[in-house]
Amino acid sequence: MKNVIPHTFSITREQRNTLMQHNGFLVWFTGLSGSGKSTIANAVEKALFEKGIHTYTLDGDNVRKGLNNNLSFSPEDRLENIRRIAEVANLMVDSGLVVLAAFVSPYKADRKRIKQIVGTANFVEVFVNTPLAECERRDVKGLYAKARAGEIENFTGINAPYEAPENPDVEIDTTKVSVAEAVSIIIKKLEHKLH
Ligand code: ADP
């Protein structure tokens, strides 16, 4: 942007990582509503915390209620929602945190953009691939019933598409693995990135 000239700060990311004693990166959970993203992200954060890792979780609740409370679910606003989340995650990663983000994020192009914003090396994609029928059976928030009744427009899986990742770093089907198993699969994947 014209006339915005970045200042050179003397503390570097490397120095912050040294102080933290681990690297910072973004673990992005994508999948249908009710697939288990928040449950697993929360359990992964707990496991990391217990190892002395500095973490933070971004999800629909803390982002849509604050930073993005002026955004709707229109296509333009969904794009802006994702852009802001990625930019915030990027600052947090730069500060040295391991950031966990749980968002349906149904579009491939959006997830690609997030990866570009934080950088490929700082991005771990976890696809929580629970079958739609199971997500609908759980209907944790009662949203599938509403969507089937025609009360929600553009509900992912019902009347809006979900574009599955082709090459996720981790893929979890919660009808096949428990929360504890999912955590151990994900932690194993993160270990080499942490140190
Ligand atoms: P999302 O964040 O993807 O919308 P939630 O984590 O809010 O999904 O809800 C997933 C629901 O599925 C929770 O009620 C959770 O207890 C349940 N569940 C059952 N088995 C699993 C599993 N193996 N992994 C994650 N969640 C599971």
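Note: hydrogens, waters and symmetry copies are ignored here, and every other heavy atom, side chains too, is used. Whatever order the structure lists them in is the order used to number ligands and atoms, beginning at 1.
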Can you list the ligand 1 atoms lying under 4.0 Å from a non-hydrogen atom of [X]?
| X | value |
| --- | --- |
| V177 | 23 (N) |
| S33 | 4 (O) |
| S178 | 23 (N) |
| L32 | 3 (O) |

Proximity of K37 to ligand 1 by residue part, where a heavy atom lies under 4.0 Å: both
Per-residue contact class, A102 against ligand 1 - non-hydrogen pairs under 4.0 Å: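 No part of A102 comes within reach of ligand 1.
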List the closest protein heavy-atom neighbour of [atom]: residue, atom name, distance to the nearest 0.1 Å.
| atom | answer |
| --- | --- |
| atom 2 (O) of ligand 1 | S38 OG, 2.7 Å |
| atom 22 (C) of ligand 1 | T174 CB, 3.4 Å |
| atom 4 (O) of ligand 1 | G34 N, 2.7 Å |
| atom 19 (C) of ligand 1 | R138 NH2, 3.6 Å |

State whether the number of non-hydrogen atoms from other residues, nucleotides or ligands found under 6.0 Å of [X] atom [atom1] is greater than 12.
| X | atom1 | value |
| --- | --- | --- |
| E191 | CD | yes |
| N167 | CG | no |
| E87 | CD | yes |

Considering [options], which one's heavy-atom position lies nearest to [atom]?
| atom | options | result |
| --- | --- | --- |
| atom 15 (C) of ligand 1 | N42, T39, L143 | T39 |
| atom 8 (O) of ligand 1 | G31, A180, G36 | G36 |
| atom 9 (O) of ligand 1 | V140, D59, I40 | V140 |

Within-shell test, A182 vs ligand 1, heavy atom, strictly < 4.0 Å: no
SB check R113 D110 (cutoff 4.0 Å): no
Pair E163 + R111, salt bridge at N-O below 4.0 Å: no
Under 3.5 Å side-chain donor-acceptor pair for Q15 and T12: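 Yes, a side-chain donor-acceptor pair sits under 3.5 Å.
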Check: D59/T57 side-chain N/O donor and acceptor closer than 3.5 Å: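 No, no side-chain donor-acceptor pair sits under 3.5 Å.
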Parallel, tilted or perpendicular: rings of F127 and Y162 (30°, 60°): parallel
Full working for side chain to side chain contact (heavy atoms under 4.5 Å, CB included) between H195 and Q21: CA-CA 8 Å; H195 301 289; Q21 299 192 345; 5.6 Å; no
